[in-house]
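Shown next, in structure tokens, is the structure this report addresses.
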There are 2 protein chains.
Amino acid sequence: MTYIDQLRTYYERVTEECVSGLSLDCVIFGFHDTRLKVLLLKWKDTNEWSLPGGFIYKNESVDTAAGRVLRERTGLDQLFLQQFHLFGDAVRYDIEDTWQRLKMPMKYGINWPDRTISMGYYALVDYTKVMPTADFMSDECCWWDISELPSLLYDHQHIIEVALKTLRLQLNWQPIGLNLMPEKFTIPELQRLYEAVLGRPLDARNFHKKITGLSVLTRLDERRTGGAHKSPYLYQFDTVNYQKALINGNLNFV
Amino acid sequence: MTYIDQLRTYYERVTEECVSGLSLDCVIFGFHDTRLKVLLLKWKDTNEWSLPGGFIYKNESVDTAAGRVLRERTGLDQLFLQQFHLFGDAVRYDIEDTWQRLKMPMKYGINWPDRTISMGYYALVDYTKVMPTADFMSDECCWWDISELPSLLYDHQHIIEVALKTLRLQLNWQPIGLNLMPEKFTIPELQRLYEAVLGRPLDARNFHKKITGLSVLTRLDERRTGGAHKSPYLYQFDTVNYQKALINGNLNFV
DNA sequence: TCAAAAGTGTTGAGGCTACACCCATGT
DNA sequence: ACATGGGTGTAGCCTCAACACTTTTGA
């Protein structure tokens, strides 16, 4: 079976089994090496990248479908996943141009709706736990630095921008740290995350004071060694107090 | 043509001309007489109420469709309208029970999808300018006090709750006052609005100090007379400064 | 004259910002 | 030894919350 046949079969199945005209796109954020990252897929035999996405089975909750897409691309379950915008413009992108960049015959001869509306989700994941996994349409699935994205298909550049804007706005009310950091981390590492999301530096003393003052962290008896400098303490989140601080909107580092 | 025929014709047109399986519901907030209000429709020949909603034409932007629904029910254009949640559970409500309450034969014999996903929008409108207008399916369209809602069809009770929660969260970043108040209003009246949204009383002196300190209001040379008490000054919003205050997130009365 | 709501300032507490030096570690 | 980043405290400012009396108006 050729790749094109596979694709046609896939889209035929989608047409039959999924909600028509509605898709979802996931902006999966990770954090590594002081940088905010996004998980992208490269389409087979092209140099074109896009967000992981998918369709909703006719008897499936949309949120569940988003969780499924996420699980398939990251290997992780029970992730922090949040609706952020419905992309419903009549013309979201240049369809012909897109099919050309994908080197595909338009529509594979099947009855595909003229326009697709897409629900945008963002996810916050622990970079160290993710196993990026390509699907049958892609030959690569990997992390990209948020500030060095490749050219993206569809309106995915726009979708990422909206997701990032939402993330910044929700920083104080969402468990950004809890979900993006590995289990054990140092306070300066957490500060780098906040700086990466906000896009500007924060004062180390004030950050330390604030985050420890909220008692959302538990200091471990371990330190991170290996740097040519004083070894910082490792911390874990105290999830109970973290939830409390979130509810109070106290995790703001403006 | 009987009412049932009209309905069948309508749903046939929707099936043909609209995006399938996706609808939208609008929670239209108004403010009157110290109370937050929602605009509801009563279905013909029943005592069942629901939110105004509609479908999206195949070549229409979803946001535009929401604006259209809103214009048809309020007579107003260019309203403040905001996506807030996609209601996409596989089973959102008891379908059979709903059709029974509507006293309708299910599906009118047409090919209607088994489940509908709905995008929730909320709107903030000037109560005094709205002309509530029923559609052909409803025999009443009117304002209901948010704390004294009737029994609602579908999952509309839930949708209103989510909308209200969103409104509270966004109070500091959205032009709540600007859109819900009439052109001229007094500071105590604006305070009542904030109290209605937040669901708790605010201190008059602190409110006055804060709101005047932001220079988002212009005091007019008029006063509201008629009450058996001191006549309060009338104010208008200074839209330029209002936008600035919103951007800075300064309109918070926590 | 009375009832009802409008208008108005001050004070204390807590949170935020700005700022500089010493310490621990690996090279 | 030295370079690198980690850890730590204080002072001033600003914002917020709490709080009561006088004024105006219509009935």
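Within every chain, numbering begins at 1; the chains are lettered A, B, ... in the order of the sequence lines, protein sequences first and strands thereafter.
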By nearest heavy atom, map A/Lys230 and B/Pro188 onto DNA chain C; which one lands nearer the 5' end?
B/Pro188

In this structure, which one of A/Trp143, A/Phe31, A/Phe29 forms a ring-ring contact (aromatic ring centres under 6.0 Å, His included) with A/Tyr127?
A/Trp143

For A/Asp63 and A/Ser61, does a side-chain donor sit closer than 3.5 Å to a side-chain acceptor?
no

With the side chain of B/Pro232 defined as its heavy atoms from C-beta on, choose the nearest nucleotide among C/dG26, C/dA18, C/dG7.
C/dG7

Carboxylate-amine/guanidinium contact B/Glu195 B/Arg200, below 4.0 Å
no

Over how many whole Å does the gap from B/Arg205 atom CZ to D/dC16 atom P extend?
17 Å

Would you mind telling me which of C/dT8, C/dA24, D/dT10 lies closest to the side-chain atoms of A/His229?
C/dA24

Residue pair A/Arg192/B/Ser231 against DNA chain D: nearer the 5' end by closest nucleotide is A/Arg192

Between A/Trp49 and A/Trp43, ring centroids under 6.0 Å
no

Counting only side-chain nitrogens and oxygens, does B/His208 get under 4.0 Å of the OP1 or OP2 atom of C/dA6?
no

Round to the nearest Å and state the distance from A/Asn206 atom CG to C/dG14 atom P.
19 Å

If you assign B/Lys209 and A/Tyr235 each to the DNA chain D nucleotide with the nearest heavy atom, which residue ends up on the more 5' nucleotide?
A/Tyr235

Checking only heavy atoms, does the side chain of A/Lys210 share a donor-acceptor pair with the base of C/dT17 at less than 3.5 Å?
no

Please figure out whether A/Asp203 or B/Tyr233 has its closest DNA chain C nucleotide nearer the 5' end.
B/Tyr233

Could you work out which one of C/dG26, D/dC16, D/dG6 sits closest to the side chain of A/Ala228?
C/dG26

